[in-house]
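Values reported hereafter were calculated over all heavy atoms of this structure, with side chains retained and with hydrogens, waters and symmetry mates removed.
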2 protein chains.
Amino acid sequence: MARAKQDKQESHRTMQVVNHVRALIENGTLKPGDKIPPERDLARTLQISRASLRTGIGYLAALGVMKIKHGVGTFVADGPPDFGQDSLSFIGALHGFQSWQMFEARILLETGLAALAAERGKDEHFTLLAEEVAEIFASVDNPTEYLIHDVAFHRIIAQASGNPILAAIMEAIVSSMYDRRRKTVERSIDLRESAGMHREIYRAIRTRKPADARRLMEQHLRMAQEAQGLERPIGKHEKTVAPQ
Amino acid sequence: MARAKQDKQESHRTMQVVNHVRALIENGTLKPGDKIPPERDLARTLQISRASLRTGIGYLAALGVMKIKHGVGTFVADGPPDFGQDSLSFIGALHGFQSWQMFEARILLETGLAALAAERGKDEHFTLLAEEVAEIFASVDNPTEYLIHDVAFHRIIAQASGNPILAAIMEAIVSSMYDRRRKTVERSIDLRESAGMHREIYRAIRTRKPADARRLMEQHLRMAQEAQGLERPIGKHEKTVAPQ
DNA sequence: TACCTCAAGTGGTCAGACCACAGTATATAT
DNA sequence: ATATATACTGTGGTCTGACCACTTGAGGTA
């Protein structure tokens with residue numbers, strides 16, 4: 001039974017720091033945006049060397065829990081939940097995740113997100129969505145600009161779903177696909193048609209029709225997928241998701 | 001437009017190490033399970049101090065890319081993809097993720113996974129699934145044992161889906177819910193009924209009926225959700241997912 | 001008032017010593 | 001000869017204390 005046992009300690013001191021911070025976060029002492037004490041002070045407080053402390057802080061930074069600013073200080077991450085920038089693309093490269101698999105994951109998540117948004121979205125979300133749709137239509141001749149609003153549109157839907165976990169996961173997947181996507185959009189096809197689909201999705205959400213929202217989102221994404229040639233190969237392999 | 005700019009460098013040296021390793025992984029020099037050179041050697045190779053090297057290694061370890069074994073060496077992670085152990089539960093605590101949201105994410109993922117498994121599962125998966133179903137039935141009087149096979153069952157379905165990204169995400173979510181779950185199963189209800197549902201799900205997958213598999217899985221999970229009292233509150237708040 | 005300089009605060013890096021753990025070789029006892 | 005105890009080697013873990021690099025803001029200067 002493979003993962004029965006747990007790796008309890010990633011080396012004593014490091015985990016001591018991690019657990020310390022975790023405790024402070026869980027009991028509410030430390031909240032997003034807060035600044036933690038200077039390394040020298042905190043090290044003295046925890047009775048460990050500054051070097052060890054830094055290892056622990058680095059660990060937390062990698063997880064996206066802490067944000068370090070040279071010459072300024074170290075802070076608890078604020079803003080939207082964030083699995084350390086490229087963690088997904090990193091382990092993706094490691095395990096040979098393939099592009100069509102990424103896209104499949106994205107479709108599964110976003111269709112669900114769209115349905116949830118249709119059920120729970122608030123007026124504020126509808127407003128933002130409408131604005132982005134307008135911007136999208138206004139950018140059909142400017143691929144770079146278009147992509148910005150496209151991303152924003154999907155992000156707002158994730159927000160409107162009321163489920164930050166799913167939103168964060170989607171964010172991670174999308175950002176790990178960003179490089180490739182940008183290229184595609186630049187040599188893109190049919191931004192007008194794509195813009196129309198965004199509007200339809202918006203309408204389905206606004207009128208609270210989860211099933212429609214789901215279906216339209218799936219249709220939209222599958223079309224995008226084809227545009228990038230990332231359909232699932234029938235029985236053979238495909239090149240890995242590796243960037244560049 | 002919030003996250004326009006990227007934090008390019010998490011301090012020069014650290015990223016130097018991370019990028020070095022990343023390059024080695026992406027060009028195939030380093031593969032899962034491989035051992036990397038001793039810290040002292042590698043530090044000399046990269047022309048940086050051992051302390052800085054260790055910061056980088058620690059970063060990679062946090063991401064789940066490297067596994068460090070005191071007194072033995074440092075290795076590239078093998079086995080199933082793994083977002084550093086508690087990364088999700090950590091940022092969950094930070095952003096106040098709630099249990100029903102976790103469960104909702106799990107349901108969305110696992111229903112999709114079940115459908116995919118029904119479409120693509122191979123005989124080997126069916127065999128393993130059948131074995132676990134048998135074990136599940138054999139454990140209806142032993143909650144602890146039951147949980148083990150329950151987890152295994154769901155994990156095999158994830159495997160059978162053919163999408164390692166989705167499988168890894170599910171794994172992360174489930175493991176971040178583990179503590180709470182174990183308690184529930186121990187004071188549990190109706191393991192026999194639950195066992196029956198597993199069998200039904202298995203049959204739907206085996207006979208390649210994605211829609212049925214999806215529906216049964218959803219039914220199964222919603223029931224488990226209710227058993228834990230984790231339904232989405234109508235309009236109010238609910239206590240955070242904080243452990244203990 | 002506008003700009004410049006510089007000092008304080010904070011994270012980043014370095015060097016080298018020593019500690020702790022795991023595995024293996026070797027010595028010793030039976 | 002076998003088995004147990006011991007020492008050695010390799011590798012990660014920690015410590016100390018000094019110095020470097022970035023940001024900010026106070027205070028001086030034009």
Side-chain angles (χ1 to χ4, degrees), chain A residues 5-22 24 30 32-78 82 84-85, chain B residues 5-22 24 30 32-78 82 84-85:
Chain A
K5 70 181 192 312
Q6 289 285 20
D7 300 355
K8 62 221 71 178
Q9 49 195 16
E10 190 76 38
S11 82
H12 308 171
R13 295 294 189 276
T14 301
M15 280 332 246
Q16 181 182 335
V17 176
V18 172
N19 292 328
H20 177 77
V21 173
R22 178 175 197 127
L24 293 180
L30 224 43
D34 284 356
K35 178 181 179 180
I36 68 173
E39 297 182 343
R40 292 162 177 84
D41 296 359
L42 190 49
R44 191 158 2 90
T45 300
L46 298 184
Q47 304 256 305
I48 62 179
S49 72
R50 196 183 151 212
S52 293
L53 173 72
R54 280 179 57 70
T55 306
I57 299 294
Y59 188 99
L60 292 168
L63 292 184
V65 175
M66 306 284 289
K67 297 294 181 184
I68 307 174
K69 297 183 182 179
H70 189 175
V72 182
T74 302
F75 306 79
V76 178
D78 60 348
D82 171 19
Q85 306 95 286
Chain B
K5 71 181 193 311
Q6 288 288 18
D7 301 356
K8 60 220 72 176
Q9 50 196 16
E10 191 75 38
S11 80
H12 308 168
R13 296 291 189 273
T14 300
M15 279 331 241
Q16 181 181 335
V17 176
V18 172
N19 291 327
H20 178 78
V21 172
R22 177 173 197 131
L24 292 181
L30 226 42
D34 285 356
K35 180 181 179 181
I36 68 173
E39 296 181 343
R40 292 161 176 87
D41 295 1
L42 191 50
R44 191 158 1 91
T45 300
L46 297 183
Q47 304 255 304
I48 61 179
S49 73
R50 197 183 148 209
S52 293
L53 173 71
R54 280 178 58 71
T55 305
I57 300 295
Y59 189 98
L60 292 168
L63 293 184
V65 175
M66 306 284 289
K67 298 294 181 185
I68 307 174
K69 297 183 182 177
H70 189 176
V72 182
T74 302
F75 306 79
V76 178
D78 61 347
D82 170 22
Q85 305 93 288

Report task. With sequence neighbours excluded, tell me which residues meet side chain to side chain contact (heavy atoms under 4.5 Å, CB included) with A/T74. Result -> A/I36, A/I57, A/M66, A/I68
Query raised in the report: With sequence neighbours excluded, what pairs up with B/P38 under the side chain to side chain contact (heavy atoms under 4.5 Å, CB included) test?
Result: B/D41
Query raised in the report: Can you list, by residue number, the residues of residues 41-50 of chain B that have a non-hydrogen atom closer than 4.0 angstrom to DNA chain C?
Result: B/I48, B/S49, B/R50
**Report entry** Euclidean distance, atom CZ of residue A/F75 to atom P of C/dT10 [Å, nearest integer]
**Finding:** 10 Å
Report task. Please name all residues satisfying side chain to side chain contact (heavy atoms under 4.5 Å, CB included) with B/A77, sequence neighbours left out, ordered by chain then number. Result -> A/L94, B/K67
Report task. With sequence neighbours excluded, tell me which residues meet salt bridge (charged side-chain N to carboxylate O under 4.0 Å, His left out) with B/R40. Result -> none
Report summary line: Of the listed C/dC14, D/dG12, D/dC15, the closest approach to the B/R13 side chain comes from C/dC14
Query raised in the report: Over how many whole Å does the gap from B/K67 atom NZ to D/dT11 atom C1' extend?
Result: 19 Å
Report task. Name all residues meeting the side chain to side chain contact (heavy atoms under 4.5 Å, CB included) criterion together with B/K35; count only those two or more places apart in sequence or in a different chain, and write none if there are none. Result -> B/F75
Query raised in the report: Atom CG of A/L53 and atom P of C/dT10: how far apart are they, to the nearest Å?
Result: 14 Å
Query raised in the report: Would one find a side-chain N or O of A/T74 under 4.0 angstrom from OP1 or OP2 of C/dG11?
Result: yes
Report task. Take the protein atom CG of A/L60 and the nucleotide atom C1' of C/dG11, then report the distance between them rounded to whole Å. Result -> 16 Å
Identify all pairs in which a protein N or O lies below 3.5 Å from an N or O of nucleotides 19-23 of chain C, and state each distance.
{"unit_1": "C/dA20", "atom_1": "N3", "unit_2": "B/H70", "atom_2": "NE2", "d": "3.0"}

Query raised in the report: Counting side-chain heavy atoms from C-beta on, which of C/dG12, C/dT10, D/dG12 comes nearest to B/R54?
Result: D/dG12
Query - Within residues 51-64 of chain B or reaching into it, pairs that qualify as salt bridge (Lys or Arg N to Asp or Glu O under 4.0 Å) - sequence neighbours excluded - result: B/E39-B/R54
Query raised in the report: Do you know the tightest heavy-atom contact between B/Q16 and B/L46?
Result: NE2-O, 3.3 Å
Report task. Write down the distance between CD1 (A/I57) and P (C/dT10), rounded to a whole number of angstrom. Result -> 14 Å
Query raised in the report: Who are the side-chain hydrogen bond (donor to acceptor under 3.5 Å, both in side chains) partners of B/T45, not counting sequence neighbours?
Result: none
Requested in this report: Measure the distance from CD1 on B/I36 to P on D/dG10 and round it to the nearest whole Å.
Outcome: 18 Å
Requested in this report: Could you tell me which non-hydrogen atom of B/Y59 sits nearest to which non-hydrogen atom of A/G58, and how far apart they are?
Outcome: CD1-O, 4.3 Å
Query raised in the report: Is A/T55 touching bases, backbone alone, or none of the nucleic acid, heavy atoms closer than 4.0 Å?
Result: nothing
**Report entry** Distance, rounded to the nearest Å, where A/I68 contributes CD1 and D/dT23 contributes C1'
**Finding:** 16 Å
